[in-house]
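Count residues from 1 along the sequence. Here the structure is a predicted model, which is why all the values come from computation and not from measurement.
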Amino acid sequence: MQENSSMILLDEDVQWDGDGKVIAHWTQLDFSPGQESIPQKVEEQALSIKKEYLAWVYDLGKYKVEGQTLISFLKIFDNFSFWWLTRIAAKSPLRSSCIYPVFKLRVLEKLYVENGCQGLIYCGHEKDLNEVLKKWCEELGHPYRRFSGKSCASKSQLDGIRGWFLKFPYLIQAMAYLIRKWFAQFRYLKQRGTSKAIHPQEDDQVTLVTYFPNIDLEKAESGRFWSHYWGNLHELLDDLPCRVNWVWLYSNSAQLSYRDSVSLRDRCNSTSPDKYQHFLAEEFLSNEAFFKSLKLYLKIFSKGLLLGEVRKAFCFPGSKLNFFPMMKYDWKSSFFGKDAIEGVLSAVIFDSIAKNLPATPWAVFNWENQPWELSLVAAWKRHQSHTKIYAYQHSIILSQDLRPFLDSRVYEQGGVEAFPLPDKLALNSPLWEPLMKEFNFPEEKITPVEALRYSYLRGSYEKEKKDIKSSGRVLLVVTGFDRFETQKQLSLLIKADKIDGLKKYEKVTFKPHPDFPVDEILTALKPNFNFTVASQPLKELWSIADVAYCANSTSGSIEAAYLGIPLIIVGPANNLNLNPLCGFSSIQFVTDPNGLCEELNDPHRINIPKHYFNLDENLILWKNLLRAELGKANKN
């Protein structure tokens, strides 16, 4: 192999002393002059590759299997395909660690072709990457060599029991998920199936499906359900002339255990039973529905066995680089493992909810375009066809995220191949509508509403702006819900502390994401500085902070910037940049201890527009949306 005509790909901290037409780093952002960083180029090309990726996902769904498209082949209900529940179709960079490597492979391929390389030397030991590159070079007829003193091994972001668990057969992973689900949740529900507390089918009985808990515990003690995700919409609901059903989607939380959630549900249901009803989603899984889930799982499992040929389609158009080995876990788990059983279980639960729980004239849910939402929308359309379905934007729409966006051709499909769309997508900021339209989301389905979880920011633009202390500072650390990201963020802070990065700080306060406690990680890392772990809502903590240090994926960085608090944000942890401030010219993302030390020593504010969110305290937009349909129902 002629090294001067080859690409040299360096993984992690590997060094190369020889020649090469192109020397590229697979993981490093810092590199020598004349060399290339694949992650840096992904950052530059992320939006264009995103469009390619969305088109590829669409084309994959149209792949023909036994004379049908893959979407139709995987039909589980009259108007719904299991395809939408797979990790591939969900395209979540937060759940699917394989998406970012696929983006990197696309960058690598373009770099290779543009420079006219005629061979590739991979200096590393990642098994799946080696398999992809070797096969690609064989297809091109180009020489390939791996250079490393280590044997190839598979990489995983999960360690300990979690990583060990993934080595089991997929069927065992699926069954283990069911056992864990029973132990953690089902066993606390004395009655499952249609609840006796449900009011008879009637008009003006609306339903809201929400993440849970993240609630006001003081109000909960008196039987008042008040979610921080929905803010003062609760007051609007009080005034609406209708019954209100709340369905809680429980996420593991330090705030409230599932067992305590069951008790809270009973307390809330006894407080204003003629106005409000509260349910945990799992209540609707009767024994009959459970066995239906198992039957559907076996159906998907058997169909998955017939999809071996589909792996040939894991290439972008005109490319010979097949990235299936990178996505192998996502594919197999989607049809055989934990994701398969989780998908059919949620689909059957939402089918039961739509059958039994009235939503007339409208229903609302938190929108992030996740698989469970598609099950819910399709179920409502099957069983309550006159219901208006409103999807409320849960947080922030991120430019490099893939979940909210679809290839434009998706919107042209009908029947079982139709994507389950809500009747209205309610957006909480004027910034998001142009972004959704850019990806051809139907304009007539977009409606503006006031931001609810951010309503406390009203009248608080740059409220916490103050002179930066020279010493005695308080650092507020806002973490995310991803374990790998959180470990990187906290490890970076501890490394910075070891080189005096916290010398100007008197105290560090950790605010964990509601779905991911940090105590276990902090115990393992053993910080050598004064810290506390806060449980109160983030809005109650900003006033104590001199500087905020935020995870890449948390929307807390937007709140800090809006309030005028100096802000430090961690760069992406081997992933796409999922920070809401990505694209603002004044932001610098820290990726190493020295960079973090510099920012801690001299932190900066980030300027964002005052009208970033819709923040009318009277909720005029929400009132117009919700009252209009109630009025129509009364007239009919």
Side-chain angles (χ1 to χ4, degrees), residues 79-80 84-85 89-92 94 206-212 227 229-231 233 236-237 244-249 251 281 346-347 349-351 353-354 357 359-398 401-406 410-411 413 418-455 555 613-614 619 621-630:
N79 68 337
F80 190 60
W84 304 117
L85 302 180
K91 50 193 192 318
S92 170
L94 296 170
V206 302
T207 294
L208 296 93
V209 179
T210 181
Y211 294 120
F212 179 88
S227 170
Y229 293 134
W230 297 92
L233 185 75
L236 174 56
L237 293 173
V244 179
N245 302 313
W246 282 102
V247 178
W248 299 342
L249 304 181
S251 294
S346 69
I349 286 173
F350 289 125
D351 185 69
I353 288 173
L357 195 60
T360 308
W362 50 257
V364 182
F365 66 94
N366 298 111
W367 180 84
E368 292 177 298
N369 221 24
Q370 296 201 66
W372 71 262
E373 302 167 31
L374 310 183
S375 292
L376 179 60
V377 171
W380 270 328
K381 289 182 179 292
R382 275 195 307 278
H383 300 297
Q384 304 194 48
S385 58
H386 298 297
T387 295
K388 293 292 183 182
I389 303 171
Y390 301 143
Y392 171 56
Q393 177 190 349
H394 179 56
S395 183
I396 307 292
I397 296 178
L398 311 171
D401 198 355
L402 300 175
R403 294 172 299 170
F405 308 108
L406 300 165
V410 172
Y411 302 113
Q413 309 307 304
F419 184 84
L421 282 172
D423 294 297
K424 290 291 183 181
L425 173 59
L427 300 179
N428 64 21
S429 166
L431 276 68
W432 313 136
E433 187 170 339
L435 190 57
M436 295 305 296
K437 289 179 180 177
E438 179 185 346
F439 286 85
N440 299 106
F441 189 91
E443 185 174 349
E444 69 278 6
K445 289 183 177 290
I446 296 175
T447 188
V449 293
E450 292 84 3
L452 298 175
R453 64 186 294 186
Y454 305 109
S455 60
S555 62
F613 293 110
N614 300 321
L619 299 186
L621 297 173
W622 272 109
K623 287 178 181 177
N624 291 342
L625 179 67
L626 301 184
R627 287 184 183 274
E629 290 303 323
L630 286 171

Euclidean distance, Ser92 OG relative to Leu402 CG, rounded to 0.5 Å: 8.5 Å
Rounded distance [0.5 Å steps], CG in Asp401 versus CG in Leu94: 6.5 Å
Side chain to side chain, Phe350 and Val377, heavy atoms closer than 4.5 Å: no
Qualifying residues under salt bridge (Lys or Arg N to Asp or Glu O under 4.0 Å), relative to Glu373, sequence neighbours excluded: none
Ring pair (Phe, Tyr, Trp, His ring centres under 6.0 Å) between Phe441 and Trp432, worked out: CA-CA 11 Å; Phe441 189 91; Trp432 313 136; over 10 Å; no
Atom pair CZ (Arg403) and CD (Glu368), whose distance is rounded to the nearest 0.5 Å: 5.0 Å
Main-chain N/O of Ala359 paired with Thr387 side-chain donor or acceptor, under 3.5 Å: yes
Under 3.5 Å: donor-acceptor pair, side chain of Lys424, backbone of Glu444: yes
Heavy-atom pair with the smallest gap, counting every atom of Asn428 and Ser395: ND2-O, 3.3 Å
Minimal non-hydrogen separation, Leu427 against Gln393, with atom names: CA-OE1, 3.4 Å
Smallest separation among heavy atoms of His383 and Asp351, with atom names: NE2-OD1, 2.7 Å
Ile349 to Ala281 - nearest heavy-atom pair and separation: CG2-O, 3.3 Å
Stepwise side chain to side chain contact (heavy atoms under 4.5 Å, CB included) check, Leu435 with Phe405: CA-CA 9 Å; Leu435 190 57; Phe405 308 108; 3.8 Å; yes
Heavy-atom side-chain contact between Leu208 and Leu237 under 4.5 Å: yes
From CA spacing to verdict: side chain to side chain contact (heavy atoms under 4.5 Å, CB included), Trp380, Leu357: CA-CA 10 Å; Trp380 270 328; Leu357 195 60; over 6 Å; no
Closest contact, heavy atoms only, Trp230 versus Val209: CZ2-O, 4.1 Å
Side chains of Lys388 and Pro361 in contact at under 4.5 Å (non-hydrogen atoms): no
Results of side chain to side chain contact (heavy atoms under 4.5 Å, CB included) for Ala90 - residues two or more places apart only: Pro371
From CA spacing to verdict: side chain to side chain contact (heavy atoms under 4.5 Å, CB included), Lys437, Ile446: CA-CA 9 Å; Lys437 289 179 180 177; Ile446 296 175; 4.2 Å; yes
Working for side-chain hydrogen bond (donor to acceptor under 3.5 Å, both in side chains), residues Tyr454 and Ser555: CA-CA 10 Å; Tyr454 305 109; Ser555 62; 3.0 Å; yes
Sub-4.5 Å side-chain heavy-atom contact between Leu425 and Lys445: no
Listed partners of Asn79 passing side chain to side chain contact (heavy atoms under 4.5 Å, CB included), at least two apart: Phe77, Ala378, Lys381, Arg382
Closest non-hydrogen atom pair, Leu233 against Leu452: CB-CD1, 3.9 Å
Asn369 vs Leu374 side-chain heavy atoms within contact, under 4.5 Å: yes
Side-chain (Gln384) to main-chain (Ala354) donor-acceptor, under 3.5 angstrom: yes
Asp423 side chain to Tyr390 backbone, donor-acceptor under 3.5 Å: no
Sole residue of Phe365, Trp622, Trp367 in ring pair (Phe, Tyr, Trp, His ring centres under 6.0 Å) with Tyr392: Trp622
Side chain proximity check, Leu376 to Gln370, heavy atoms < 4.5 angstrom: no
Parallel, tilted or perpendicular: ring planes of Trp84 versus Phe419, cut at 30 and 60 degrees: perpendicular
Tyr211 ring center within less than 6.0 Å of Trp372 ring center: yes
Pairwise side-chain contact, Phe80 with Ser375, heavy-atom cut-off 4.5 Å (strictly under): yes
Any side-chain heavy-atom pair of Thr210 and Trp248 under 4.5 Å: yes
